[in-house]
Amino acid sequence: MKICDAHVHLGKSGPWQPYMHPTIYVDELIRLFDKYNVEQATVFPNPNVGDKYPETNDYIAKCVKKYPKRLIGFGRVDPRREDAIKELNRIKNVLGLTGLKLHPMVECFRPDHHFFSKLFKRANELSLPILFHSGDGFSSPGLILKIAKKYPKLSIILGHLRESTVSALKEYKYVYVETSGTLPDFIELSVDVDEDRILFGSDVPYYRYPTQIAIVEAAEISQRAKKKIFFENFQNFLSKINKGLKC
Ligand SMILES: [Zn+2]
(Lines give C-alpha, C1' and ligand atoms only; values in the text may rest on other atoms or scores of the structure.)
Protein backbone atom coordinates (compact mmCIF):
# COMPACT_ATOMS: atom_id res chain seq x y z
CA MET A 1 0.00 0.00 0.00
CA LYS A 2 1.20 3.52 -0.80
CA ILE A 3 2.10 5.52 2.26
CA CYS A 4 2.23 9.18 3.29
CA ASP A 5 3.92 9.88 6.59
CA ALA A 6 2.91 12.83 8.77
CA HIS A 7 5.78 12.56 11.28
CA VAL A 8 9.43 12.30 10.24
CA HIS A 9 12.54 13.89 11.75
CA LEU A 10 15.38 14.86 9.47
CA GLY A 11 18.92 16.12 9.97
CA LYS A 12 21.41 16.24 12.77
CA SER A 13 20.43 15.05 16.21
CA GLY A 14 20.05 17.43 19.14
CA PRO A 15 21.20 16.73 22.69
CA TRP A 16 18.06 14.65 23.45
CA GLN A 17 18.04 10.87 23.57
CA PRO A 18 21.66 10.52 22.50
CA TYR A 19 21.46 6.74 22.95
CA MET A 20 19.08 6.55 20.01
CA HIS A 21 21.38 8.24 17.48
CA PRO A 22 18.53 9.91 15.63
CA THR A 23 20.70 11.73 13.09
CA ILE A 24 19.50 10.95 9.57
CA TYR A 25 20.38 12.83 6.39
CA VAL A 26 18.15 13.22 3.41
CA ASP A 27 19.52 10.70 0.92
CA GLU A 28 19.39 7.96 3.53
CA LEU A 29 15.82 8.97 4.39
CA ILE A 30 14.75 8.81 0.74
CA ARG A 31 16.23 5.31 0.51
CA LEU A 32 14.08 4.33 3.52
CA PHE A 33 11.02 5.87 1.83
CA ASP A 34 11.68 3.83 -1.30
CA LYS A 35 12.08 0.65 0.73
CA TYR A 36 8.78 1.10 2.58
CA ASN A 37 6.68 2.63 -0.19
CA VAL A 38 6.53 6.09 1.40
CA GLU A 39 5.64 8.55 -1.33
CA GLN A 40 5.49 11.74 0.66
CA ALA A 41 6.14 12.90 4.21
CA THR A 42 6.21 15.93 6.45
CA VAL A 43 9.76 16.37 7.70
CA PHE A 44 11.12 18.57 10.47
CA PRO A 45 14.23 18.95 12.64
CA ASN A 46 15.09 16.82 15.62
CA PRO A 47 14.45 18.38 19.04
CA ASN A 48 17.17 20.97 19.53
CA VAL A 49 16.03 24.01 21.50
CA GLY A 50 18.05 27.14 22.16
CA ASP A 51 19.51 28.89 19.15
CA LYS A 52 19.89 25.79 16.96
CA TYR A 53 16.46 25.66 15.29
CA PRO A 54 17.22 28.28 12.61
CA GLU A 55 20.12 26.25 11.21
CA THR A 56 18.14 23.00 11.37
CA ASN A 57 15.22 24.75 9.61
CA ASP A 58 17.66 25.83 6.88
CA TYR A 59 18.60 22.19 6.38
CA ILE A 60 14.93 21.16 6.04
CA ALA A 61 14.43 23.85 3.37
CA LYS A 62 17.49 22.61 1.49
CA CYS A 63 16.17 19.02 1.56
CA VAL A 64 12.70 20.09 0.35
CA LYS A 65 14.34 21.86 -2.60
CA LYS A 66 16.21 18.66 -3.44
CA TYR A 67 13.13 16.40 -3.16
CA PRO A 68 10.10 18.66 -3.65
CA LYS A 69 7.71 15.83 -4.56
CA ARG A 70 8.61 13.68 -1.55
CA LEU A 71 9.06 16.18 1.29
CA ILE A 72 6.71 18.67 2.94
CA GLY A 73 8.87 20.83 5.20
CA PHE A 74 7.81 21.85 8.69
CA GLY A 75 10.02 24.18 10.74
CA ARG A 76 10.62 24.38 14.47
CA VAL A 77 10.98 27.27 16.89
CA ASP A 78 11.66 27.54 20.59
CA PRO A 79 8.50 29.41 21.68
CA ARG A 80 10.21 30.80 24.81
CA ARG A 81 12.76 32.78 22.82
CA GLU A 82 12.35 36.45 22.03
CA ASP A 83 13.10 35.76 18.36
CA ALA A 84 10.52 32.96 17.98
CA ILE A 85 8.16 35.15 15.90
CA LYS A 86 11.02 36.28 13.69
CA GLU A 87 11.91 32.63 13.02
CA LEU A 88 8.24 31.80 12.42
CA ASN A 89 8.09 34.52 9.73
CA ARG A 90 11.33 33.27 8.21
CA ILE A 91 10.05 29.66 8.12
CA LYS A 92 7.13 30.72 5.95
CA ASN A 93 8.31 33.75 4.02
CA VAL A 94 12.00 33.07 3.44
CA LEU A 95 12.37 29.29 3.63
CA GLY A 96 8.94 28.60 2.10
CA LEU A 97 8.17 25.79 4.56
CA THR A 98 4.60 24.52 4.92
CA GLY A 99 4.07 24.12 8.66
CA LEU A 100 5.38 24.04 12.19
CA LYS A 101 6.24 21.26 14.66
CA LEU A 102 5.92 22.00 18.38
CA HIS A 103 6.81 19.82 21.34
CA PRO A 104 5.53 21.44 24.56
CA MET A 105 7.56 19.10 26.80
CA VAL A 106 10.91 19.37 25.02
CA GLU A 107 10.44 23.10 24.46
CA CYS A 108 9.05 23.38 27.96
CA PHE A 109 6.04 25.63 27.42
CA ARG A 110 2.39 25.50 28.35
CA PRO A 111 0.54 26.09 25.06
CA ASP A 112 -2.41 27.97 26.55
CA HIS A 113 -0.31 30.38 28.64
CA HIS A 114 -0.89 33.98 27.51
CA PHE A 115 2.86 34.48 26.94
CA PHE A 116 2.59 32.30 23.83
CA SER A 117 -0.53 33.95 22.39
CA LYS A 118 1.50 36.14 20.04
CA LEU A 119 3.19 33.07 18.56
CA PHE A 120 -0.11 31.32 17.81
CA LYS A 121 -1.67 34.56 16.59
CA ARG A 122 1.13 34.88 14.05
CA ALA A 123 0.99 31.19 13.05
CA ASN A 124 -2.75 31.72 12.49
CA GLU A 125 -2.10 34.79 10.30
CA LEU A 126 0.44 32.79 8.30
CA SER A 127 -1.99 29.81 8.07
CA LEU A 128 0.77 27.49 9.25
CA PRO A 129 -0.53 24.06 10.23
CA ILE A 130 0.99 22.74 13.46
CA LEU A 131 1.92 19.19 14.36
CA PHE A 132 1.95 19.03 18.15
CA HIS A 133 3.63 16.28 20.08
CA SER A 134 0.78 15.17 22.32
CA GLY A 135 0.93 13.16 25.50
CA ASP A 136 1.12 14.13 29.15
CA GLY A 137 1.61 17.40 31.04
CA PHE A 138 2.13 20.45 28.83
CA SER A 139 1.49 18.22 25.80
CA SER A 140 -1.95 17.06 26.90
CA PRO A 141 -4.52 17.17 24.09
CA GLY A 142 -6.87 19.24 26.31
CA LEU A 143 -4.39 22.15 26.40
CA ILE A 144 -3.71 21.89 22.66
CA LEU A 145 -7.43 21.86 21.84
CA LYS A 146 -7.75 25.27 23.52
CA ILE A 147 -5.38 26.64 20.86
CA ALA A 148 -7.15 24.77 18.05
CA LYS A 149 -10.49 26.28 19.07
CA LYS A 150 -9.18 29.81 19.58
CA TYR A 151 -7.61 30.39 16.16
CA PRO A 152 -9.87 30.07 13.11
CA LYS A 153 -7.14 29.37 10.56
CA LEU A 154 -4.91 27.04 12.59
CA SER A 155 -4.95 23.41 11.46
CA ILE A 156 -3.64 21.07 14.11
CA ILE A 157 -2.40 17.49 14.08
CA LEU A 158 -2.09 15.73 17.44
CA GLY A 159 0.90 13.41 17.33
CA HIS A 160 1.06 9.96 18.95
CA LEU A 161 -2.54 8.81 19.03
CA ARG A 162 -3.64 7.53 22.44
CA GLU A 163 -6.75 7.49 24.59
CA SER A 164 -6.84 11.21 25.38
CA THR A 165 -6.25 11.99 21.70
CA VAL A 166 -9.29 9.91 20.72
CA SER A 167 -11.36 12.09 23.08
CA ALA A 168 -9.95 15.23 21.43
CA LEU A 169 -10.88 13.86 18.00
CA LYS A 170 -14.41 13.34 19.29
CA GLU A 171 -14.62 16.74 20.96
CA TYR A 172 -13.48 18.96 18.09
CA LYS A 173 -13.98 18.32 14.40
CA TYR A 174 -11.10 20.51 13.17
CA VAL A 175 -8.27 18.40 14.49
CA TYR A 176 -6.34 15.46 13.04
CA VAL A 177 -4.51 12.68 14.84
CA GLU A 178 -1.36 10.88 13.81
CA THR A 179 -0.52 7.25 14.59
CA SER A 180 3.18 7.07 15.58
CA GLY A 181 3.70 5.02 18.73
CA THR A 182 0.03 4.14 19.08
CA LEU A 183 -1.75 0.80 19.51
CA PRO A 184 -4.19 -0.87 17.10
CA ASP A 185 -6.97 -0.41 19.69
CA PHE A 186 -6.68 3.39 19.56
CA ILE A 187 -6.83 3.32 15.77
CA GLU A 188 -10.02 1.26 15.96
CA LEU A 189 -11.56 3.72 18.44
CA SER A 190 -10.55 6.67 16.23
CA VAL A 191 -12.06 5.07 13.14
CA ASP A 192 -15.35 4.86 15.06
CA VAL A 193 -15.13 8.63 15.58
CA ASP A 194 -13.95 9.75 12.12
CA GLU A 195 -11.79 7.70 9.78
CA ASP A 196 -11.11 10.79 7.63
CA ARG A 197 -9.05 12.57 10.31
CA ILE A 198 -6.42 9.93 11.06
CA LEU A 199 -2.97 10.21 9.46
CA PHE A 200 -0.26 7.59 9.42
CA GLY A 201 2.87 8.78 11.23
CA SER A 202 6.11 6.89 11.87
CA ASP A 203 8.28 9.21 14.01
CA VAL A 204 11.28 7.88 12.05
CA PRO A 205 14.13 7.70 13.00
CA TYR A 206 13.00 7.35 16.66
CA TYR A 207 10.60 4.55 15.69
CA ARG A 208 10.93 2.22 12.71
CA TYR A 209 8.77 1.65 9.65
CA PRO A 210 8.19 -2.11 10.09
CA THR A 211 6.66 -1.65 13.55
CA GLN A 212 4.74 1.55 12.82
CA ILE A 213 3.21 0.11 9.64
CA ALA A 214 2.39 -3.17 11.43
CA ILE A 215 0.43 -1.30 14.12
CA VAL A 216 -1.96 0.14 11.51
CA GLU A 217 -2.12 -3.17 9.64
CA ALA A 218 -3.05 -4.95 12.89
CA ALA A 219 -6.05 -2.72 13.54
CA GLU A 220 -9.36 -4.47 12.92
CA ILE A 221 -10.74 -1.88 10.53
CA SER A 222 -11.75 -1.98 6.86
CA GLN A 223 -9.22 -1.98 4.01
CA ARG A 224 -10.89 1.25 2.90
CA ALA A 225 -10.09 2.88 6.27
CA LYS A 226 -6.49 1.66 6.09
CA LYS A 227 -6.09 3.18 2.65
CA LYS A 228 -7.37 6.48 4.00
CA ILE A 229 -5.02 6.38 7.00
CA PHE A 230 -1.96 5.39 4.98
CA PHE A 231 -2.51 7.74 2.07
CA GLU A 232 -5.72 9.53 1.20
CA ASN A 233 -6.29 11.52 4.39
CA PHE A 234 -2.82 13.05 4.12
CA GLN A 235 -3.51 14.09 0.53
CA ASN A 236 -6.82 15.67 1.56
CA PHE A 237 -5.12 17.42 4.45
CA LEU A 238 -2.48 18.86 2.12
CA SER A 239 -4.96 20.03 -0.45
CA LYS A 240 -6.98 21.86 2.23
CA ILE A 241 -3.79 23.44 3.58
CA ASN A 242 -2.81 24.57 0.08
CA LYS A 243 -6.21 26.24 -0.28
CA GLY A 244 -5.71 27.98 3.09
CA LEU A 245 -8.59 26.07 4.71
CA LYS A 246 -8.68 25.03 8.35
CA CYS A 247 -8.72 21.28 8.63
ZN1 LIG B 1 8.79 12.94 16.73
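Everything quoted here is computed from the prediction, not taken from an experiment. Both ligands and their constituent atoms are indexed starting at 1 by order of listing. Sequence positions, counted from 1, serve as the residue numbers for this chain.
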Transitive ILVMFWY side-chain link Leu128 to Phe109, under 4.5 Å = yes

Output, by chain and residue number, all protein N/O/S atoms separated from the Zn ion (ligand 1) by less than 2.8 Å.
-> His7 NE2, His9 NE2, Asp203 OD1

Do Phe237 and Ile157 have side chains that get closer than 4.5 Å, going by heavy atoms?
-> yes

Are side-chain N/O atoms of Tyr176 and Asp194 paired as donor and acceptor at under 3.5 Å?
-> no

Reference residue Glu107; test salt bridge (charged side-chain N to carboxylate O under 4.0 Å, His left out); the match among Arg76, Lys101, Arg81 | Arg76

Classify the side-chain pair His160/Ser134 by whether it contains a donor and acceptor separated by less than 3.5 Å.
-> no

Phe186 backbone acceptor or donor facing Arg162 side chain under 3.5 Å | no

